[in-house]
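The next block holds one structure in the form of structure tokens; read it before the comments.
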Amino acid sequence: MTQNLLEVTGLVKRFGGLVAVKDISLSVAPGEILGLIGPNGSGKSTVMKCIMGIVRPNAGSVRIGGVEVAGWPTHRIARQGVGIVFQHSHPLPRQTVLEHIEIALLPDSLLKLAADRHVAERARAIAARVGLDKVMHRLPRTLPFADLRRLELAKAIARNPEVVLVDEPFAGLTSGEVADFSALIASFRAEGHAVLLVDHNVKSVAALVDRVFAMYLGERIAAGSAAQVMSDPKVRQVYLGGGIEVAARPAKAAEGAAPLLSVDKLSVSYGKAQALEDVSLHVAPSEFVSVVGLNGAGKTTLFNAICQLVPSTGTVRFGGAALGGRTAAQVARGGLVQCPESRELFGDMSVRENLDLGGQHLSPAECARQLDWLFELFPILRERQGQAARTLSGGEQQMLAIARALMMQPKLLILDEPTLGLAPVILEQLSKALERLRLTTDITVLLGEQNVTFALPHADRVYVLEHARIVWEGSPARFAAEAGAAYL
Ligand SMILES: Nc1ncnc2c1ncn2[C@@H]1O[C@H](COP(=O)(O)OP(=O)(O)OP(=O)(O)O)[C@@H](O)[C@H]1O
Ligand SMILES: [Mg+2]
């Protein structure tokens, strides 16, 4: 029998009263990919952090190639051959892409430095392998989202760890990008590494992994082949949920009404790069409009320009008034509220404090009512009112960002990639919540998504944004036939 490269037994991690990981045992052999799935907050990232020594397990054993490392500091565990690709990228601000890879290539001992004269060459090769060759000399903050994820993978490849922990590599990526990333992860396997993979893209995980391990509330609920685990009743119930269904919508008397938002010939450039070019669109009161576009198409720039967060040319009118010259804060107070892709939570403040900030303009009674409603929508936030936002799981943070935007009782809510990092079952909840919003309030929604299975069912109308321009507009029913090829 081959020895497992990674062997975890009886792992326990508590945060105060919360047991985030309960008696978890799993192993990964060389040349094997184990998929770790489970709803948001089930403890997946915490398992990885325990293995990597980023958090110290309360009990249990972690063996890397037979060596017990539980309780070791991270740098020693890294030296033992473990590498992690984080759920969130935190690149260095002043180092270029290439420099990031070079740093990852540097040996951890000065004595070995002499042997590594070809660092720059190797860094270039790795950049090319992950598809970063064209942006090698750029700073991370100028990169689109998918490239930042590529950079994280490039760093992992550079360090060449025996055991690779990959946390949500597919989040926010298009199907083409997911295919590229899957191939890269499969190459780790082909080289005999042991890979532990977490992601909510169930299809892609199932296609890639050798086995699946499912968690819920810190515990193991199923393990086996992808097909076995995905058909397990408990996994279906707590993780996969049903499909996204939307009731036939009542005809809104929107036709002919003056638009709530109208955008005319909006252009934005970042230095020489044109991020948005002559974009015109409108949203009628109570309408639900989706802007569909791949990564880097310009969705976030469009929303930021509408909200006066980045300078632009052209006009934006909201409720008939031109927004040019207003501050982003004035725009938000006027009822045009964005839930940004980057979430922008106050990490050291509690869940409740973040929500209260959103509701600060409401009367105490209104605020309480709104909170109650949001807690019904996202029950986990009620339980976690006192927890620092920074320590929430990825999906929990997304829920908080959406809830905080809703606390402001927006007239027009802009949601930028709200599905990022959410488990299928939570997507279904979010979908129901949006449905309820449109049936019970007269909120207007502008949704930016590349996940068309989420964006289309809710939309009254769809725009497709490609390379900084609107290239198609129409009803969701016509989307598949006329514009869908790249997205479906
Ligand atoms: N430092 C901390 N203090 C308190 N609670 C924490 C801390 N870190 C994590 N938690 C909680 O532990 C639980 C497990 O979190 P974890 O990040 O492991 O979830 P996850 O399975 O990765 O979820 P997601 O899919 O949303 O990323 C969550 O409910 C989270 O809020
Ligand atoms: Mg996580």
Side-chain angles (χ1 to χ4, degrees), residues 8 11-24 26 34-58 60 62 74 84-90 149 152 165-172 196-202 204-205 212-223 229 235 238-241 343 345 347-355 375 378-403 417-430:
V8 172
L11 195 69
V12 175
K13 179 63 200 174
R14 292 186 210 96
F15 294 111
L18 176 82
V19 191
V21 176
K22 285 182 206 169
D23 194 18
I24 290 294
L26 52 82
L34 176 66
L36 183 56
I37 63 165
N40 297 118
S42 57
K44 306 178 298 296
S45 296
T46 306
V47 166
M48 286 190 167
K49 287 178 193 163
C50 285
I51 295 171
M52 195 70 231
I54 296 164
V55 300
R56 213 188 153 94
N58 295 99
V62 177
T74 303
I84 188 165
V85 180
F86 282 110
Q87 191 169 0
H88 307 288
S89 352
H90 296 286
R149 305 300 301 158
E152 292 302 311
L165 315 172
V166 196
D167 201 355
E168 294 201 28
F170 305 141
L196 184 62
L197 169 71
V198 169
D199 205 275
H200 292 299
N201 184 334
V202 175
S204 308
V205 169
V212 176
F213 186 103
M215 292 177 72
Y216 177 55
L217 298 176
E219 291 180 89
R220 165 192 151 132
I221 53 167
V229 173
V235 172
V238 302
Y239 183 58
L240 296 171
R343 296 175 188 157
L345 296 171
D348 290 325
M349 292 168 74
S350 69
V351 166
R352 179 59 189 271
E353 285 164 340
N354 272 280
L355 289 173
F375 285 157
F378 302 116
I380 189 76
L381 298 181
R382 188 198 299 273
E383 288 167 34
R384 300 303 172 76
Q385 287 184 62
Q387 188 174 330
R390 160 177 58 75
T391 66
L392 292 174
S393 84
E396 290 164 350
Q397 289 187 21
Q398 186 67 316
M399 294 181 232
L400 178 57
I402 296 168
E417 303 267 355
T419 66
L420 202 75
L422 294 185
V425 67
I426 303 291
L427 275 188
E428 197 191 344
Q429 274 174 31
L430 181 64

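Start at 1 and go down the list; that is how both ligands and their atoms are numbered.
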Subject >> Gly394 N/O to ligand 1 N/O under 3.5 Å >> reply: yes
**OP:** Check His200 against ligand 1 and report side chain, backbone, both or neither, counting heavy atoms closer than 4.0 Å.
**Re:** side chain
Original post:
Should the proximity of Val55 to ligand 1, defined as any heavy atom under 4.0 Å, be assigned to the side chain, the backbone, both, or neither?
Top reply: neither
**OP:** With heavy atoms of Glu396 as the reference, note each atom of ligand 1 found under 4.0 Å away.
**Re:** 28 (C), 29 (O), 30 (C), 31 (O)
Original post:
Which of the atoms in ligand 1, numbered in the order shown and given with their element, are less than 4.0 Å from a heavy-atom of Ala20?
Top reply: 12 (O)
Subject >> Close-contact set for ligand 1 against Thr391 heavy atoms, below 4.0 Å >> reply: 1 (N), 2 (C), 3 (N), 4 (C), 6 (C), 7 (C), 8 (N), 9 (C), 10 (N), 30 (C), 31 (O)
Original post:
What do you reckon, does Leu18 have a nitrogen or oxygen under 3.5 Å from a nitrogen or oxygen of ligand 1?
Top reply: no
Original post:
Is any NZ, NE, NH1 or NH2 atom of the basic residue among Lys44 and Asp167 found under 4.0 Å from an Asp or Glu carboxylate oxygen of the other?
Top reply: no
**OP:** Going by heavy-atom distance to atom 14 (C) of ligand 1, choose the closest among Ser45, Ala171, Gly41.
**Re:** Gly41
Original post:
What part of Arg384 sits under 4.0 Å from ligand 1 if we count only heavy atoms: the side chain, the backbone, both or neither?
Top reply: side chain
Subject >> Per-atom contacts of ligand 1 with Leu392, taking only distances under 4.0 Å to non-hydrogen atoms >> reply: 31 (O)
Subject >> Close approach, Gln397 and ligand 1, non-hydrogen under 4.0 angstrom >> reply: no
